Engineer: 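The structure follows.
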Amino acid sequence: MKLVKPVAADRLSALLRQMPKAELHIHIEGSLEPELIFALAKRNAVQLPYASVDALRSAYAFTNLQSFLDIYYAGASVLITEQDFYDMAMAYFARAAEDNVIHAELFFDPQTHTARGVSMETVINGLHRACVDAQAELGVSASLILCFLRHLSEEEAFETLEQALPYRDKLIGIGLDSGEVGNPPEKFARVFARCRELGFHLVAHAGEEGPPAYVWTALDVLKVERIDHGVQSSKDALLMQRLAKDRIALTVCPLSNLKLCVFPDLASHNLRQLLEAGLAATVNSDDPAYFGGYLNENFTQTFAATQLNAGHAYTLARNSFEASFIGASAKKRHIDRLNAYFENFC
Ligand code: HPA
Ligand code: ZN
């Protein structure tokens, strides 16, 4: 482990903002800012149940995951054309580049769009074109993870997989999101087994609101490589040992957890506990347009609230590259860049 010299409190925020990092848990539909929702609604003549940007933003007072998902799926209804998906993703990449994100793995929810008559081709081609341009124009590498909606059936997930297969070279992995409680990972055992045979990387949301048992089955039944959120794991000592031993990354999203009332305040967040137990935790923004901050806000607010230090910053950034699905040489290049950044800063 690299020795990181202490950094004065007044320089820690700059260090966090400037350090190179990867984002591994961002729902691209959750990056739709109210202004862009209204602009796309106008472009596509979609009627919104909100009178203004301010009225929409003032509806962002969530009590749990489902109260957020209802508004999040309504916001996504303005996405119709390939250009809409492209514009949404490019707006995120531009914002991520400002936060010194140099690699991003984007979740998207095709069933939210195909259910409205938007084709899989439209969704994937728009997002993929943005990934290509993000590399060329912003120096941000990016890839796509298709998520199945867990409140729908496994049969519908199989149909979605079938629709996506013509574009499989534009996808790096498969994930599982939406309402967690009552929809355990094992509901999707067969479709994940098929995705595994097809060679996709696998991840799943587990232990956000749901119990540690869902993290166990995400690992042992779905055989995922990373757990999205996973913060409820700290309630199960044996699970904590397993996650640490197998270096299973958790893509933790502190501001999301705060806004969805998973923790009463940021000072109570268990990120420090996860790191100190030797887990490969990372910091991510989840749905930044809805939860009050992009990646650097997640870092700076959580560090301030829980008194994390420069050593934790290095570990979190390093974990983000180690846990990413990029090739070994890109991984080494990014970690060398991170090491050089810390040598110069500290
Ligand atoms: N959890 C589950 N589903 C989601 C989330 C989340 O945090 N964000 C968007 N879809
Ligand atoms: Zn999420």
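Just follow the structure's listing: the first ligand is 1, and inside any ligand the first atom is 1. Predicted, not measured: the structure shown is a model, and the values here were computed from it. When reading the values below, keep in mind they use all heavy atoms of this one structure, side chains included, and skip hydrogens, waters and symmetry mates.
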Engineer: Just give me the atom name: the N, O or S atom of His205 closest to the Zn ion (ligand 2).
Structural biologist: NE2

Engineer: Asn44 and Asp84: side-chain donor and acceptor closer than 3.5 Å?
Structural biologist: yes

Engineer: Taking the side chain from His269 and the backbone from Leu271, do they hold a donor-acceptor pair closer than 3.5 Å?
Structural biologist: yes

Engineer: Is it true that Asp87 and Arg43 have a side-chain N and a carboxylate O under 4.0 angstrom from each other?
Structural biologist: yes

Engineer: In terms of residue, atom name and distance, what is the protein heavy atom nearest to atom 7 (O) of ligand 1?
Structural biologist: Asp286 OD2, 2.8 Å

Engineer: Donor-acceptor pair, distance only, cut-off 3.5 Å: does the side chain of Asp109 make one with the backbone of Thr112?
Structural biologist: no

Engineer: Would you mind checking which non-hydrogen protein atom is closest to atom 5 (C) of ligand 1, with the distance to 0.1 Å?
Structural biologist: His27 NE2, 3.5 Å

Engineer: Taking Glu33 first and then Arg57, would you say they form a salt bridge - that is, a charged N and a carboxylate O separated by under 4.0 Å?
Structural biologist: yes

Engineer: At under 4.0 Å between heavy atoms, is it the side chain or the backbone of Leu69 that contacts ligand 1, or both, or neither?
Structural biologist: side chain

Engineer: Heavy atom under 4.0 Å from ligand 1: found in Glu29's side chain, backbone, both, or neither?
Structural biologist: neither

Engineer: Taking the cut-offs as 6.0 angstrom to the six-membered ring centre and 45 degrees off its axis, would you call Arg226 and Phe325 a cation-pi pair?
Structural biologist: yes

Engineer: Could you check whether any heavy atom of Phe68 sits closer than 4.0 Å to an atom of ligand 1, since that is the contact criterion I want to use?
Structural biologist: yes

Engineer: Which atoms of ligand 1 are found less than 4.0 Å from any heavy atom of Asp287?
Structural biologist: 5 (C), 8 (N), 9 (C)

Engineer: Could you tell me whether the Zn ion (ligand 2) has an N, O or S atom of His25 under 2.8 Å away?
Structural biologist: yes

Engineer: Please check: side-chain N/O of Ser31 versus main-chain N/O of His27, any donor-acceptor pairing under 3.5 Å?
Structural biologist: no

Engineer: Select the closest option to atom 6 (C) of ligand 1 among Glu208, Glu180, Glu209, Gln66, judged by heavy-atom distance.
Structural biologist: Glu208

Engineer: Out of curiosity, is Ser178 lining ligand 1, as in a heavy atom under 4.0 Å away?
Structural biologist: yes

Engineer: Taking the Zn ion (ligand 2) as the reference point, name the nearest N/O/S atom of Asp286.
Structural biologist: OD1

Engineer: Do any of the N/O/S atoms of His27, backbone or side chain, fall under 2.8 Å from the Zn ion (ligand 2)?
Structural biologist: yes

Engineer: Is the shortest distance from a Lys or Arg side-chain nitrogen in Glu322 or Arg247 to a carboxylate oxygen in the other one below 4.0 Å?
Structural biologist: no

Engineer: May I ask you to say whether Glu225 pairs ionically with Arg196, meaning some side-chain N is under 4.0 Å from a carboxylate O?
Structural biologist: no

Engineer: Please state which part of Leu260 comes within less than 4.0 Å of ligand 1, counting heavy atoms only: side chain, backbone, both or neither.
Structural biologist: neither

